[in-house]
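Okay, structure first, notes after.
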Amino acid sequence: MFVSYKVGILGMGTVGTGVAKILLDPVGRHFILGAVEIYRVGVRSLTRKREIDLDPSIYTDNLEAIVTDPNIDIVVELLGGIEPARSLILQAIAHGKHIVTANKAVLARHGDEIFTAAKAKGVYVMLEASVAGGIPIIQILKQALCANKITAVTGIINGTTNYILTRMSASPNESFEEILADAQALGYAEADPTADVDGYDAADKIAILASLAFGDRIKLEQIYREGIRHVTSTDVARAAELGFVIKLLAIARNYENKGLEIRVHPTLVPKDHPLASINGVTNAITVVGDPIGEVVFSGAGAGMGATASAVVADIINILSSVKANPQNLNQLMGCSHQHYATVNPISASTSQYYLRLLAFDQVGVIGDLGHCFGKHQVNLETILQKHHDQGLAEIIVVTKTVSELNLQAALTEIKTLSALHSVPSVLRLLF
Ligand code: NDP
Ligand code: HSE
């Protein structure tokens, strides 16, 4: 007897459209897709013209009707945002549906209640598409690397900002707004691109990755987060002169006896580092584990096809697992974390820093700066003076590894110097 599996899709935007395209064209893919039926699709607008041709009666703007429909096996949540996504996921779980979601924002904030509810109900919550688009990093951490003690996960995990920084590097005269508008048109950016530009999306994703890598839940508010809004074309050019590329990195480290460090910030990456050559919407993640050492994964991090590839793989994994063992969940596909980790505050961190300072072009300014840095134990690796317009000198400083507290103390004092005009940039180097 032919058994079909019924999928209810919440959202038919960029990702939903990509998922429907794959599900409507199963030939040549995994055989189980031949048994998957798009049963209902929930959207906001019933009159919007859609890119794919589905029977109009499949669409509804009553999303509750989908998550409570007894015929539906899997609910695929591709709405974005927190509500109604969170409530619909919980309602679907309560009705015994397996969940596939690409929604890192909801998982990073409400993962605890969602996974607790799923465990109690005996259903899967699959999230491959929520981090790094087409790179199967969730499965890698949950399954392929599960024999390792993971000590570090470092990545370019926001496609929009990597696309922007790459364009800023290639064409310094283009405006930030112009480049962001292109990222939106290409379907990379979040509905509110503040999430991308200000680092919230990358923080959500590193919270998910750190939780899987280190085995504890992560409180989002403990993650240090800085976006790319303050990175200028001048910084990109100066970094290049010094042998670096600026990337928005998400970094999670588990130090033996020192706890966790999790941060998102623009970072100067040496040009010969594997992450330096990751351009455009491509994402890349390095994972360090014992005994595997360092492994690097890269691929399209956002966009219709890459994300849909991850969503559909989750559907296939659920169905093949349910077919093989209808009574018991596959433990490697679930989430069993109960406790919250404590993440060290950024004030406890150390780093190398790149500083760009503007000073009035007068005698003794370099000496004054050197004195302030020295007084606060900030050792310098490089100090360069460049010409600048309007009687100002641009001074580029690269420090050695120093404590955040000492750096901030030195900067506070430097800002009181009469020769100082401003401090346009303070960025960290990859450590
Ligand atoms: P879109 O904005 O393109 O699509 C959202 C869809 O959800 C639309 O079809 C919209 O309906 C529907 N929708 C949103 N809110 C509601 C609501 N309250 N009620 C009913 N329908 C609603 O988003 P994306 O496809 O880009 O993203 C979807 C999810 O995937 C997000 O969580 C995002 O973070 C994640 N993601 C996106 C990636 C990407 O590259 N775009 C990559 C990885 C993850 P309508 O069409 O009628 O407006
Ligand atoms: N807005 C996200 C990005 C989508 O640019 O990376 C993929 O999660």
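Residue numbers count from 1 along this sequence. Whatever order the structure lists ligands and atoms in, that order sets their numbers, starting from 1.
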Inset, instruction - Please determine if Gly159 has a nitrogen or oxygen closer than 3.5 Å to a nitrogen or oxygen of ligand 2. - result: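 Min N/O separation from ligand 2 is below 3.5 Å for Gly159.
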With heavy-atom distances below 4.0 Å as the criterion, list the atoms of ligand 2 near [X].
X	answer
Asp196	1 (N), 2 (C), 3 (C), 5 (O)
Gly301	7 (C)
Glu190	1 (N), 2 (C), 4 (C)
Asn158	2 (C), 3 (C), 5 (O), 6 (O)
Lys205	2 (C), 3 (C), 6 (O), 7 (C), 8 (O)

Inset, instruction - Could you name each residue pair satisfying side chain to side chain donor-acceptor pair (under 3.5 Å) that touches residues 307-329, not counting sequence neighbours? - result: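 The answer is Tyr124-Ser321.
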Strictly below 4.0 Å, N to O, side chains only: are [X] and [Y] in salt-bridge contact?
X	Y	result
Glu178	Arg167	no
Lys149	Glu256	no
Lys97	Asp69	no

Inset, instruction - Take every heavy atom of Gly133, measure it against each atom of ligand 2, and state whether any distance is under 4.0 Å. - result: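 Contact absent.
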Inset, instruction - Might you confirm whether atom CG of Asn62 has over 12 heavy atoms from other residues, nucleotides or ligands at distances under 6.0 Å? - result: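 Yes, because the 6.0 Å sphere around CG of Asn62 holds more than 12 heavy atoms from other groups.
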Legend entry - Glu241 atom CD, over 12 foreign heavy atoms within 6.0 Å: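 Yes, enclosed.
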Inset, instruction - Could you tell me the residue and atom name of the protein heavy atom closest to atom 5 (O) of ligand 2, and the distance to it rounded to 0.1 Å? - result: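 That would be Thr160 OG1, 2.6 Å.
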Inset, instruction - Do me a favour and list the nearest non-hydrogen protein atom to atom 8 (O) of ligand 2 with residue, atom name and distance? - result: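 Closest protein heavy atom to atom 8 (O) of ligand 2: Lys104 NZ, 2.6 Å.
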N/O to N/O under 3.5 Å, ligand 1 against protein:
{"residue": "ligand 1", "atom": "3 (O)", "partner": "Thr14", "partner atom": "N", "Å": "3.0"}
{"residue": "ligand 1", "atom": "3 (O)", "partner": "Thr14", "partner atom": "OG1", "Å": "3.4"}
{"residue": "ligand 1", "atom": "9 (O)", "partner": "Met12", "partner atom": "N", "Å": "2.8"}
{"residue": "ligand 1", "atom": "9 (O)", "partner": "Gly13", "partner atom": "N", "Å": "3.1"}
{"residue": "ligand 1", "atom": "11 (O)", "partner": "Arg44", "partner atom": "N", "Å": "3.3"}
{"residue": "ligand 1", "atom": "21 (N)", "partner": "Arg44", "partner atom": "N", "Å": "3.1"}
{"residue": "ligand 1", "atom": "25 (O)", "partner": "Thr14", "partner atom": "N", "Å": "3.2"}
{"residue": "ligand 1", "atom": "25 (O)", "partner": "Val15", "partner atom": "N", "Å": "2.8"}
{"residue": "ligand 1", "atom": "34 (O)", "partner": "Lys104", "partner atom": "NZ", "Å": "3.0"}
{"residue": "ligand 1", "atom": "34 (O)", "partner": "Glu190", "partner atom": "OE1", "Å": "2.6"}
{"residue": "ligand 1", "atom": "34 (O)", "partner": "Glu190", "partner atom": "OE2", "Å": "3.3"}
{"residue": "ligand 1", "atom": "40 (O)", "partner": "Gly187", "partner atom": "O", "Å": "3.3"}
{"residue": "ligand 1", "atom": "40 (O)", "partner": "Gly303", "partner atom": "N", "Å": "2.6"}
{"residue": "ligand 1", "atom": "41 (N)", "partner": "Gly187", "partner atom": "O", "Å": "2.9"}
{"residue": "ligand 1", "atom": "46 (O)", "partner": "Arg48", "partner atom": "NH1", "Å": "3.1"}
{"residue": "ligand 1", "atom": "46 (O)", "partner": "Arg50", "partner atom": "NH1", "Å": "2.6"}
{"residue": "ligand 1", "atom": "46 (O)", "partner": "Arg50", "partner atom": "NH2", "Å": "3.3"}
{"residue": "ligand 1", "atom": "47 (O)", "partner": "Arg44", "partner atom": "N", "Å": "3.0"}
{"residue": "ligand 1", "atom": "47 (O)", "partner": "Ser45", "partner atom": "N", "Å": "2.7"}
{"residue": "ligand 1", "atom": "47 (O)", "partner": "Arg50", "partner atom": "NH2", "Å": "2.9"}
{"residue": "ligand 1", "atom": "48 (O)", "partner": "Arg48", "partner atom": "NH1", "Å": "3.1"}

Inset, instruction - Would you mind telling me which of Lys104, Arg225, Arg109 makes a salt bridge (Lys or Arg N to Asp or Glu O under 4.0 Å) with Asp204? - result: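 Considering Lys104, Arg225, Arg109, a salt bridge (Lys or Arg N to Asp or Glu O under 4.0 Å) with Asp204 is found only for Arg109.
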Legend entry - Gap between atom CD1 of Ile114 and atom CD1 of Ile89 - 0.5 Å precision: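 Atom-to-atom, Ile89:CD1 and Ile114:CD1 are 4.5 Å apart.
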Inset, instruction - Give, for atom CG of Asn279 and atom CG of Leu165, the distance between the pair rounded to the nearest 0.5 Å. - result: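 Here the interatomic distance stands at 10.0 Å.
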Legend entry - Donor on one side chain, acceptor on other, Gln91 and Ser87, under 3.5 Å: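 No - no donor-acceptor pair under 3.5 Å links their side chains.
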